[in-house]
Each structure stands twice: as C-alpha cells, then as structure tokens.
Amino acid sequence: MSIYDTLNPMQKEAVLHTEGPLLVLAGAGSGKTRVLTHRIAYLIEEKGVNPWNILAITFTNKAAGEMRERVDRLVGFGADSIWVSTFHSSCVRILRRHIESLGYTTNFTIYDSDDQKTLMRHVLKKLELDPKVYKDRAMLGVISSSKNELITAAEFEAGSTGDFRQKKVAQVYKEYQSQLKKNNALDFDDLIMKTVQLFESNPEILNYYQERFKYILVDEYQDTNTAQFKLVSLLAGKYRNLCVVGDDDQSIYKFRGANIENILNFEKAYPGAVVIKLEQNYRSSQSILNAANEVIRHNRGRKDKTLWTANEEGPLVLFKQFENAGEEADAIVRDILNSAADYQDCAVLYRTNAQSRLIEEKCLQHNVPYRMVGGVNFYQRKEIKDVLAYLKTIANGRDDLSALRVINVPKRGIGATSLSRIQAFASEHGFGIYDAFCRAKAVPGLGKAADKVLGFTAQIEDFRDRIQEEAYSIHDLIEDVLDETGYLKELESEGEIEYQTRLENIEELINKAVSFEGDHEHPDLNEFLEEVALVADVDRMDDSENRVTLMTLHSAKGLEFPRVYLSGMEDGLFPSMMSISSDDKEDVEEERRLCYVGITRAQKFLMMTAARQRMVNGETRYSKVSRFVEEIPDHLLDSNKLEPRLSSVRSNTDFDDSALPWGKPSVRSAGVSSFGPGKNAYASKTAQPASSPGFGKAFTVEKAASLDYKEGDRVSHIKFGEGQVMEIKDGGRDYEVTVHFEKAGVKKMFASFAKLKLL
DNA sequence: GTTCAGTTCTTTTTT
DNA sequence: AGAACTGAAC
C-alpha cells in the first residue's frame, strides 16, 4: 500500500493533479497540510521532479518548518533543497542576491513597525506637518495599503490631483520612501513590492526563478494581498504549475491588505484551473462543527461548501456569561484545572491582546503553567531593540535609525540639542547619521559633546574590527556590547526587578544567537538580524512543554487543540466596535470568519465565554452577548445566559486584586505543589510563564543562597546539553557560571536562568 | 543641556 | 492601564 492510499478521494485527486493551475478549497480541518505534503512527496517520488524545483509558501515560519519536517518523513531525502518559507522570507532571500539593481546594497536592514513609526515621525517633522492632523499611524496605514496594491510613491502622487490632503500624503509617502532608501532599509511591505519590481525590471532574473520554481504551492491563499498575488503570478507565469490552497471562510487579514478576491477569482485569473473542494473535516466533533457552520452561514459572498464530519457528536458547545471579566478568566482557568486534560491540550483564545492579562493573572493564581503567544512581541521589547540596534549599527553603517537609538543608550550625555545639530549637519552635507557621528569634530556648536560622540563611534569601529575575525561569534559580540558600552551597568541601576526581567530577555536573545550559530556553518551577523526581524510570535511558540496556550484568534490560525476556550464573546469586543460601526458590511463578516476560525480550532471541547462588565482603556464597559453566539441555535448550545440585570450596577471594586501577585515579592515560592488529579505531568513546576514572550514584572529571579554544583562538576543545561563547570563568579545579584559544554562549547551564563542540573 | 515627573491620548487583529 | 509628550528642576 502506498502512502497515497491513506488519502480520501478528493485529497488524492489534489495530490495527483500536478500539472497546471489548481485551486484546493480546503475547509477547516480537512487535511490540507496532508495534501500539501503528500503532493510534494508525490512530485519528487513519482514524477521525478527535482526538489530544487519546488517552492512552497506558508503563512508562518513555524508552518514552514513543520511542512519541511513532514515532507522529510515522507520522502526521506532531498527535502532540504525545497524552498519552504513565507512570502517575506522568500523575498528577503531573493533580494539579498539581486537588490543592487534597485539601488540598495545587499546588507539592507528590515524595519519593523516600531522602526517605521520612528521614521515616520522624522518625515512628518521634516515636512513640517502637524502631527495631530497627519498622524503617523494613519500615514503608515495609507502607505502600507498602497504598497500592498503595488502603488509606488510616484503613482500615488499622480493619482492624488485636486485633494489637498491627499497631495500632502503623497509627499509623505515620497519622503518616507526616500528616507528608507537613504537608510538602506526596507519595511515589510517593501519586501514583497521590491521583489515584484525586481522581476518586472529584470526579465533575466525573473526567468531564472521561473525556471527554478517549476512547481509552486501556496498555503493560506485566502490571505494573500495584491502584491503577493502578483509575485506568484510572475513566478508561475511560465510553467503555470501553481497549486493554491485556502478557505475563503478563513480569510482574516483584510486589515493587512489581504484580498479575498484572489481566491474567489482564481478560476478567472487562471483559465482552465481545476478546483477541488475538501469538505470532510477530520478535526472537530459534530457538535463543534455544527456551531461553526451555523455562524459562518450568516456571511454572504462565500464559495458554496458544507463541512461535514464522520467524527462522533461529542458534548454540546458551552456558553457561559459572567458578571465581569475577572470571573470569566477565573472560571476558564478553574475549568482547565478541573478537566482531566493536559495543559498543552488547552488553548484560551481572545480577540485582543489586552484580554490576556486577566487570564495570565488567574493562571498564576491557580498555578496553571501557560505560554502566551504575542502580546508585546519579544523582539519589540526595549532591551532587545537596544541590543539589536547596536548590532544593526555595527552591521550596516547606513542605518540611521539604529544609530540614533543607541547613541545615548546608555546615557552618554548626548541630548536632543546635540543630536539635532548633528542631524542638521548630516543632511546639509548628505552624510548618514553614523558618518556624521564620525565627523563630530566638524559639527558646529557641538563642543564637548563631540568627544562623547567619538567615543561611541570608536567603540562601534572596534566591534566592526572584531567581527571580521572568524572565531568571534555573534553571542560574544552581544555580550561584549552589553559589557563594554556599560549597557548592563545602566540597566542594573534601574532597579532590581526591572533588571532581572530585562536580563532574562537578553539571555534569551543570546540563546537565540547560540542556536543560530549552531544551525549555520558560517554564521553571519546580517543573516542573524534578518532571521530575527522576520519571526512571528507563533514561530516562537515552543509546544514541547506542557502548558496552556494563550493567544489571539489571529495567531491561532492553522492550529488545533482538543480543548478551546473562546473568551470575550461580547458585542463591541468581538465583533469589534470598529467593525460594527463601519459602513462596510464586509467588516463584520471578517469578524465572523475570525469567529469561525476560532470555533474550528477545537477538536473535542469548546467553551465560549462572555463578561457583562469589562475594563477597556481604563473605563468600565458593559456589553451584550456577541451576535455570533446568538447566531447559534439554542439546541446546539449549552448555555447559561444571565438574566438581564434588574438594577444595582455593581462597581468593579468588588474585584479583589489583593490576591494578585503584582508587587508581592515572593511569587515564586507561593504554592509550588497542590495540583488537582491528573496534573502529575507538571506537579514539579510553578506556574511561571514561558520564558518569553510573557511579561515580566512579577517574576523576580532571586539569587540562590548557594549553588548545588561547584567548579569542576558535571552539569546539564536544557539547551546546551552536558558540560563541565569551569568557573563560578559571584556577580552580586547572581552567580555568573562558566560552563564548557561538549556540544555547544564554552558558555557564560547567569545561574538563575541557566537552571543547571548537577549530574 | 539633560533628566524627571506629571500630563494627555489611545489600540483590534500582524508578516 | 499604558505609552508618549510637555514642562520644570538639576
């Protein structure tokens, strides 16, 4: 029996149809990943296609990794020469080779949304526009959607005749773009758009990639935008062996420019395309699927399909409404504790990141271990961005933003006035900021500050020299930067608790650098920075530990869990106020699709919850039950909707927060044991968040009174494996331990984070 | 010229 | 509840 016999007839057809355009409409849980992986395997094994000629585009890097792994298992060899990556990573890879023909250099920097905002502020200032009228966010929004539609600054300008504001925005776009170029930087949207431009202006480069990627697969096709559509069309233009997989009911990224028409009109764009529908759901119970179908039924303009399942009926979907959000969170966490399920089988989903806080608090209170996806992105934390800005300055001398970020961090006594003098000097002579720093002596009116600036550049130059050496690793560089610039020292003086959490984050970045070095034969600083710039939060989700997952509905796309809790089912929150009051009916439909995505994440058990009262932006808000819940008929729902309130609005002072761990010094020692039955897997751990991307203040890592290992002992580390303790230094707040690991080499680490075990 | 403390305004969702 | 901005003290 071949591996293809395990597929159902529709799946099999999708796998075997290898030539020409193919649209696979894959409902939630219908085994689309299986189809994709088997298809790749089939191409290689049965059709003799060279793995080198296959391009598979996924939505997240994590999905890419999983796909590669699964193909590897099916095929056994050759899987590493398949390109499996996201749109953004693929484009970076291409641009790193060819971007010079667009006037950038190949060591360009990628700006994340914070960088974009900073840059936009510069632009608005330079153009002397009132930031109250021309808001950075709004400007970036316009630019982003333009780029997603492949509209250049010049085209935008040409199209904005007449309207005064529109003309101003055109100027902003133009200036923003020229600033990016000056900084040798690209924003996220540029990555796609520049690649399209590259292909359009260089037919020979396009031809190379067309020949290279004879077979193209695109996952989550419903969430592609116009630029991505164009990119795919260009690449597939020659051989037309394009297979796209998606579900119009799961299109949830319109705000990011996703164009649902791409999937709805696929057959028009690719005449002769074969369409295959996968309608059997293998994931969810009958009850869950019923609820999902009822909700999505209320949307117009969708491809006709009905999901069905042969799975057992399972318990009814639960709905519970609570007095306030605290009770809601408490009930969810208690329910997880009372169930016999493993923590890792449970997920709590919510519409906005802000909702995670209460859930986190309750998890801590009840000692339920959790991992939070998203929130404040790890790479957006101040200390991480500071370190990265140093690395970027060292790697790319043209990145003004990064140089400006760190010139006075730690404080070197270079203030706003000095900086604006330097900036004026730079723009007058056409220097980049860093070059201007190097010429500080020539800047008029700097005085003593000039020496301070030169001190900074001397340090940077020193680091630049060092990274030329083969033996000098990225993690060495990070550690030296922290040490020699005095960054750590300044952090230390900011207070114990702050210091520890920030240090913990930095440690994680160093770990990341170490594992990067392990994965690459010739680790390159630019490559490292790029990898770090493109990671999504889900990419960082480590699912090997037994923890409850907390994340937004958007992050949950593509995942599945036996037990799912859908929280905050309130009108005004989900669907959001924005979508309800929008003129465009499509907006609520997108929210409904999001709800559909949420429901269909559940395999066996689904509980939806709502709070009557909730704090939003510091104000108490009262809400009705979400319309999406109302759309599910009563007989499909086991619910306890509260009676309408009669009188007496309870103030939220009855929410007792004295029990919360904030500010209480000894969270760690509180209640280590005491788990309900069935929770043995975790009995030895406290409810600490995954080392990232949680939030930190509550966790003070205390210096141990003594260590249970000494110099010369053999110890093991969770990541680096086994090794021998070389040196233990008492660093005041913590012990600094040097260990020689067999595999990972010599590492210096802080005892409280390293969690070394004596062997 | 720099830093700190009190003020206002703000947020959906993310590669 | 939190970040970003503005005005006063060092």
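Everything numeric here is computed off the predicted structure, so don't read it as measured data. By convention in this document, chain letters (A, B, ...) are assigned in the order of the sequence lines, proteins followed by strands, and residues within each chain are numbered from 1. All heavy atoms count here, side chains included; hydrogens, waters and symmetry mates do not.
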Item to check | Inter-residue atom distance Arg412(A).CZ - Asp451(A).CG, 0.5 Å rounding | outcome: 14.0 Å
Could you list, one pair per line, each protein nitrogen or oxygen that sits under 3.5 Å from a nitrogen or oxygen of nucleotides 1-8 of chain B, together with the distance?
| residue | atom | partner | partner atom | Å |
| --- | --- | --- | --- | --- |
| dG1(B) | OP2 | Thr417(A) | OG1 | 2.7 |
| dT2(B) | OP1 | Gly413(A) | O | 3.3 |
| dT2(B) | OP1 | Gly415(A) | N | 2.3 |
| dT2(B) | OP1 | Ser418(A) | OG | 3.4 |
| dT2(B) | OP2 | Gly415(A) | N | 3.2 |
| dT2(B) | OP2 | Ala416(A) | N | 3.2 |
| dT2(B) | O5' | Gly415(A) | N | 3.4 |

Checklist entry - Taking atom P of dT13(B) as reference, at what distance in whole Å does atom CD of Glu590(A) sit? => result 14 Å
Checklist entry - In whole angstroms, how far is the C1' atom of dT14(B) from the CD1 atom of Ile192(A)? => result 13 Å
Checklist entry - Quick one: side chain to side chain donor-acceptor pair (under 3.5 Å) partners of Tyr209(A), sequence neighbours excluded? => result His98(A)
Next on the checklist: Quick check with a 6.0 Å cut-off and a 45 degree axis cone: is Arg96(A) positioned over the face of Phe108(A)'s six-membered ring?
Outcome noted: yes
Checklist entry - Between Ser576(A) and dT13(B), is there a side-chain N or O to OP1/OP2 distance below 4.0 Å? => result no
Checklist outcome for this item: Residues at least two apart in sequence or cross-chain that pass salt bridge (charged side-chain N to carboxylate O under 4.0 Å, His left out) with Glu220(A), listed by chain then number, are Lys32(A), Lys557(A)
Checklist outcome for this item: Sequence neighbours excluded, the answer for side chain to side chain donor-acceptor pair (under 3.5 Å) partners of Asn299(A) is Arg592(A)
Checklist entry - Mind checking the C1' distance from dC5(C) to dT12(B)? Whole angstroms is fine. => result 24 Å
Item to check | Separation of atom CD1 in Ile143(A) from atom P in dT15(B), rounded to whole Å | outcome: 21 Å
Checklist entry - Would you say Asn353(A) reaches dT14(B)'s phosphate, i.e. side-chain N/O to OP1/OP2 under 4.0 Å? => result yes
Next on the checklist: Applying the 5.5 Å / 30° rule, does Phe255(A) stack onto the base of dT13(B)?
Outcome noted: yes
Checklist entry - Do Tyr253(A) and Phe59(A) have their ring centres less than 6.0 Å from each other? => result yes
Item to check | Results of side chain to side chain donor-acceptor pair (under 3.5 Å) for Asn184(A) - residues two or more places apart only | outcome: Thr105(A), Asn107(A)
Next on the checklist: In whole Å, I'd like the distance from the CG atom of Leu140(A) to the C1' atom of dT14(B).
Outcome noted: 14 Å
Checklist outcome for this item: Between CD of Glu591(A) and C1' of dT13(B) the distance, given in whole Å, is 8 Å
Item to check | Arg137(A) side-chain N/O to dT11(B) phosphate OP1/OP2 under 4.0 Å | outcome: yes
Item to check | Counterpart residues, side chain to side chain donor-acceptor pair (under 3.5 Å), relative to Asn183(A) (two or more places apart) | outcome: none
Checklist entry - How far, in whole Å, is dA4(C) from dT13(B) if one measures between their P atoms? => result 15 Å
Checklist entry - Checking all strands, does Tyr253(A) fall into the base, sugar-phosphate, or nothing category for heavy-atom contacts under 4.0 angstrom? => result sugar-phosphate
Next on the checklist: Nearest whole Å is fine: how far is dT15(B) C1' from Gln116(A) CD?
Outcome noted: 11 Å
Next on the checklist: With a 4.0 Å limit, can you tell me whether Thr60(A) has a side-chain N or O closer than that to the phosphate oxygens OP1/OP2 of dT15(B)?
Outcome noted: no
Next on the checklist: Side-chain N or O of Lys135(A) versus OP1/OP2 of dC9(B): is the shortest distance under 4.0 Å?
Outcome noted: no
Checklist entry - Where the side chain of Arg357(A) is defined as all heavy atoms beyond and including C-beta, which of dT12(B), dA1(C), dT14(B) is the nearest nucleotide? => result dA1(C)
Checklist entry - For the pair made of CG in Leu124(A) and P in dC5(C), what is the distance, rounded to whole Å? => result 12 Å
Checklist entry - Rounding to a whole Å, what distance do you find between Tyr350(A):OH and dT12(B):C1'? => result 13 Å
Next on the checklist: Starting the side chain at C-beta, find the nucleotide from dT13(B), dT12(B), dT15(B) nearest to Thr552(A).
Outcome noted: dT13(B)
Next on the checklist: Students often get this wrong, so: under 4.0 angstrom with heavy atoms, is Arg593(A) touching a base, only sugar-phosphate, or nothing?
Outcome noted: nothing
